[in-house]
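Structure record follows, encoded as structure tokens.
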2 protein chains.
Amino acid sequence: MPKVSDEHRAAQILDAAMRLAATEGFHRMTMAEVVAVSGLSAGAVYGYFRSKQELVRAIAQRAVGRIATTIDALADAEPPVPPAEGLEAVLDRLLGLSDELGYDVPALAIQGWSEATRDPEVREILGTELLRVRRAWRDFAERVRDRGLLSPEADVDAVGNALMAMLPGFIVFRTVFGDVTPRSHASGVAELMRQPPSR
Amino acid sequence: MPKVSDEHRAAQILDAAMRLAATEGFHRMTMAEVVAVSGLSAGAVYGYFRSKQELVRAIAQRAVGRIATTIDALADAEPPVPPAEGLEAVLDRLLGLSDELGYDVPALAIQGWSEATRDPEVREILGTELLRVRRAWRDFAERVRDRGLLSPEADVDAVGNALMAMLPGFIVFRTVFGDVTPRSHASGVAELMRQPPSR
DNA sequence: CCAAACAGAATGGACGCTCGTTTTTTGATG
DNA sequence: CATCAAAAAACGAGCGTCCATTCTGTTTGG
């Protein structure tokens with residue numbers, strides 16, 4: 001029986017906890033459930049995470065880190081495409097991430113935002129990671145502009161922010177309405193950008 | 001709600017509960033606090049709301065109703081303005097609503113989204129009210145298009161959705177980054193719409 | 001054989017909710 | 001207008017449950 005490393009054990013607990021947090025939310029996720037799903041005991045879990053709060057923070061860190069990495073990669077992809085296409089690709093990837101990881105990533109995102117409103121440490125974790133995402137969107141906007149798909153005078157920070165801001169909207173609409181797809185959501189950006197008649 | 005006769009009492013309780021929910025979130029808001037802040041007793045509170053869950057649903061209903069009404073009015077305002085200006089006005093009004101009501105409306109919105117992921121009744125409440133908002137944005141987009149500020153072929157549903165989708169982004173960015181204003185947020189839309197050089 | 005890891009029952013506190021009691025309101029009566 | 005009894009509303013201490021965390025053995029690997 002090979003000894004399992006500390007990191008593996010911690011990951012095992014985190015996996016269980018993330019699945020639970022995604023389906024029930026942070027507060028309804030009990031330590032007893034984490035213990036049951038992880039297959040360890042209460043004592044063991046507390047050997048790796050000193051408290052539920054620490055576990056929640058670790059979940060937030062891991063989840064937002066994965067999301068940030070996913071989006072980074074896409075926004076950096078060459079060649080530059082129109083903004084709406086880039087957005088659609090990111091939204092697609094966000095849903096793909098859910099399948100890949102086996103839990104509802106958008107639901108976890110909402111949990112994270114909620115937790116960020118009352119735990120400053122979680123807010124900082126999200127802030128740090130999402131800053132990466134922000135820069136990625138800025139760079140994307142810059143490359144798109146340089147390709148002539150935006151006005152040469154366009155403020156790439158503002159454009160990047162606007163595109164990134166479509167993401168929470170997608171997550172919320174999906175939760176509340178349930179009828180929105182990456183394509184339908186991104187098409188709004190394309191429609192907004194259609195040329196009005198010269199005036 | 002059993003008591004239709006004395007809805008002032010119910011409003012009194014709701015006021016207290018909403019203030020608490022906005023500052024601490026639904027799960028950290030205890031009934032003991034609601035009792036204390038409302039100035040009534042536990043028994044009295046339970047005479048108006050059969051359970052904490054029912055109280056939470058009432059908070060969601062009231063909060064989203066107010067937000068929807070506020071946005072409705074603005075999106076309907078004449079005369080039509082460019083999309084970015086309309087968005088900025090709505091974001092301004094959202095912050096104004098917080099001052100007016102005395103609690104953090106964006107924070108309450110996040111709580112509502114979080115609750116919607118696990119209470120189908122809250123999800124339905126949000127869905128119904130936000131459908132009104134969605135229609136208001138569609139109408140806004142339509143009028144803006146008819147004024148020549150959008151392409152005549154623009155899909156007003158898609159444009160309305162995109163503008164409305166900027167709202168959760170604003171709320172989340174404000175919570176996580178803290179550095180975004182109605183103006184900076186809305187400017188992204190304006191920048192996105194600037195004419196690229198003809199090609 | 002020892003130290004580190006683990007198990008799981010036990011603990012203590014928090015919180016939603018109830019229920020017997022007290023206060024207030026109502027309205028009928030002289 | 002005063003009185004009073006019955007009904008309605010409010011009170012608030014306490015109950016039961018749930019849940020994070022601990023702690024005392026027990027197991028396991030070296």
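These numbers were taken from a predicted model, which means no experiment stands behind them. All heavy atoms count here, side chains included; hydrogens, waters and symmetry mates do not.
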For the pair made of [atom1] in [X] and [atom2] in [N], what is the distance, rounded to whole Å?
X      : N       : atom1 : atom2 : value
E54(A) : dT21(D) : CD    : C1'   : 13 Å
L55(A) : dC19(D) : CG    : C1'   : 15 Å
E24(A) : dC19(D) : CD    : C1'   : 13 Å
R50(A) : dT22(D) : CZ    : C1'   : 15 Å

Review point. Does the side chain of Q53(A) pick up a donor-acceptor pair with the side chain of S51(A) at under 3.5 Å?
Key: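 There is no such pair (donor and acceptor under 3.5 Å, judged by atom type) between the side chains of Q53(A) and S51(A).
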Exercise for review: Please state whether the phosphate of dC6(C), meaning OP1 or OP2, lies under 4.0 angstrom from any side-chain nitrogen or oxygen of Y48(A).
Suggested key: yes
Point to revise | Residues R93(A), E100(A): salt bridge by 4.0 Å N-O rule | key: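 Salt bridge: yes.
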Review point. Does a side-chain N-to-carboxylate-O contact under 4.0 Å join R174(B) and D104(B)?
Key: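 So R174(B) does not pair with D104(B) through a salt bridge.
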Exercise for review: Residues of residues 25-46 of chain A with any non-hydrogen atom less than 4.0 angstrom from an atom of DNA chain C: list those, numerically ordered, please.
Suggested key: L40(A), S41(A), A42(A), G43(A), A44(A)
Review point. When all nucleic acid strands are considered with a 4.0 Å heavy-atom cut-off, which category describes R9(B): base, sugar-phosphate, or nothing?
Key: sugar-phosphate
Exercise for review: Might you confirm whether atom CZ of R183(B) has over 12 heavy atoms from other residues, nucleotides or ligands at distances under 6.0 Å?
Suggested key: no
Check your understanding: Should the heavy atoms of other residues, nucleotides or ligands under 6.0 Å from CD of E124(B) be counted, would the total exceed 12?
Key -> no
Check your understanding: Would R134(A) count as a cation-pi partner of F177(B), with NZ or CZ less than 6.0 Å from the six-membered ring centre and within 45° of the ring normal?
Key ->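 Relative to the ring axis of F177(B), which defines the angle, R134(A) lies inside both limits.
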